[in-house]
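A note on names: the letters A, B, ... follow the listed sequences, proteins ahead of strands, and every chain is numbered from 1.
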Amino acid sequence: MLGVERDIVTNHVATGEVKMVYWPMLDLGPNSTNAAAAAFCAGEQDPAHFWTYHHALFEDQRSVYLARRDYFVSTAATLGLDTDKFEACYDGDDVRAMLEQLDATRREAGIRQRPTFDVGGQILLGSHPYETFAEVIADAMP
Amino acid sequence: MRVRLLLLLALLALAACSAAEPDDGSGATPAEGPAAPAAGLDIEYGRNDDGTFYQGAAGAPVTLIDYSDFL
């Protein structure tokens, strides 16, 4: 999705056409939650930091799968975040409780496949080339 | 003499490999800071009432929700 996301951001988000939202799915064990918690904790400091952290994790997914706490803290440090605040958030319960709630909401909505995209109400299951997104976005435009 | 030289080279190679490994206890190299997707672009960032994060104009005509796992 990284390359496709880059094209969507450049051609549709930056132009004001699309607001892109990330909704975490917590299906693959403890590190699903840990990675999401880390990204959301980055966002607690500044919403822009969520996306920088999100991008960092997706660029390094093989490491994320086996990562432990130190990996997420080190990533926060590398990205210039306040690591004291990050660690307090990451080790706390609040963000994890929120993530569990978000995950429960998407399950209740019947969202099961990873990834799933809701583009203005149209559902795309799985990964798709940029051209597909461009077409669906165009269809969704008022 | 040759054996000693080969042994020395092997030890040096091993030392070089050990020095390159991260020591954060995770068995993984911390992600470094890549350019964010929106580098160089004028992008608005925010947070929805449900706690999710967004990028793009809050009032954009189309909302794209990416449901995915970081793994």
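- The most heavy-atom pairs under 4.5 Å with chain B, out of A/Gly29, A/Gly121, A/Pro47, come from A/Pro47.
- In this structure, chain B has heavy atoms under 4.5 Å from both the backbone and the side chain of A/Tyr22.
- Expressed to the nearest 0.5 Å, how far CD of B/Glu44 lies from NZ of A/Lys19 amounts to 9.0 Å.
- Considering all non-hydrogen atoms of both residues, A/Val13 and B/Ile43 come closest at CG1-CD1, 3.9 Å.
- Interface residue A/Met98: only side-chain heavy atoms are found under 4.5 Å from chain B.
- Taking 4.5 Å as the limit, some side-chain heavy atom of B/Phe53 sits within range of a side-chain heavy atom of A/Trp51.
- Between chain B and the residues A/Ala36, A/Ala48, A/Ala140, A/Gly120, the largest count of heavy-atom pairs under 4.5 Å involves A/Ala48.
- Closest approach of B/Asp69 and A/Leu28 over heavy atoms only: OD2-N, 3.5 Å.
- The shortest side-chain heavy-atom distance between A/Val18 and B/Thr63 does not fall under the 4.5 Å cut-off.
- Taken to the nearest 0.5 Å, the CH2 atom of A/Trp23 stands 5.5 Å off from the OG1 atom of B/Thr52.
- Of the residues considered (A/Pro24, A/Ala35, A/Ser32, A/Ala76), A/Ser32 shows the highest number of contacts with chain B, using heavy-atom pairs under 4.5 Å.
- When all heavy atoms are compared, the tightest approach of A/Gly16 to B/Pro61 is O-CD, 3.3 Å.
- The two residues A/Phe40 and B/Gly51 have their closest heavy-atom pair at CE2-O, 3.3 Å.
- Under the 4.5 Å side-chain heavy-atom criterion for Ile, Leu, Val, Met, Phe, Trp and Tyr, B/Leu41 and A/Ile137 are members of the same hydrophobic cluster.
- Note that CD of A/Gln101 is 10.0 Å distant from CG of B/Asp50, once rounded to the nearest 0.5 Å.
- Between A/Val119 and B/Val62, some side-chain heavy-atom pair lies under the 4.5 Å cut-off.
- The aromatic rings of A/His54 and B/Phe70 lie perpendicular to each other, with more than 60° between the two planes, well past the 30° mark.
- Hydrophobic clustering of Ile, Leu, Val, Met, Phe, Trp and Tyr side chains at less than 4.5 Å, counting indirect connections, keeps A/Met141 apart from A/Ile123.
- Residue contact with chain B, scored on non-hydrogen atoms closer than 4.5 Å, is absent for A/Phe72.
- One finds the OG atom of B/Ser68 at 8.0 Å from the CE atom of A/Met25 (value rounded to the nearest 0.5 Å).
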Test log, rule side chain to side chain contact (heavy atoms under 4.5 Å, CB included), inputs A/Gln61 and B/Leu71: CA-CA 6 Å; A/Gln61 269 189 312; B/Leu71 301 189; 5.5 Å; no

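- Taking A/Arg106, A/Glu17, A/Gln113 one by one and counting their heavy-atom pairs under 4.5 Å with chain B, the maximum is reached by A/Glu17.
- When side chains are defined from C-beta on, B/Tyr67 does not count as touching A/Phe117, because their heavy atoms never get closer than 4.5 Å.
- Exactly one of A/Val21, A/Ile8, A/Leu124, A/Asp118 qualifies for a side-chain contact (heavy atoms from CB on, under 4.5 Å) with B/Leu64. That residue is A/Ile8.
- A/Tyr65 touches chain B through backbone and side chain together, each having a heavy atom under 4.5 Å away.
- Rounding to the nearest 0.5 Å places CZ of B/Arg47 at 4.0 Å from CD of A/Glu44.
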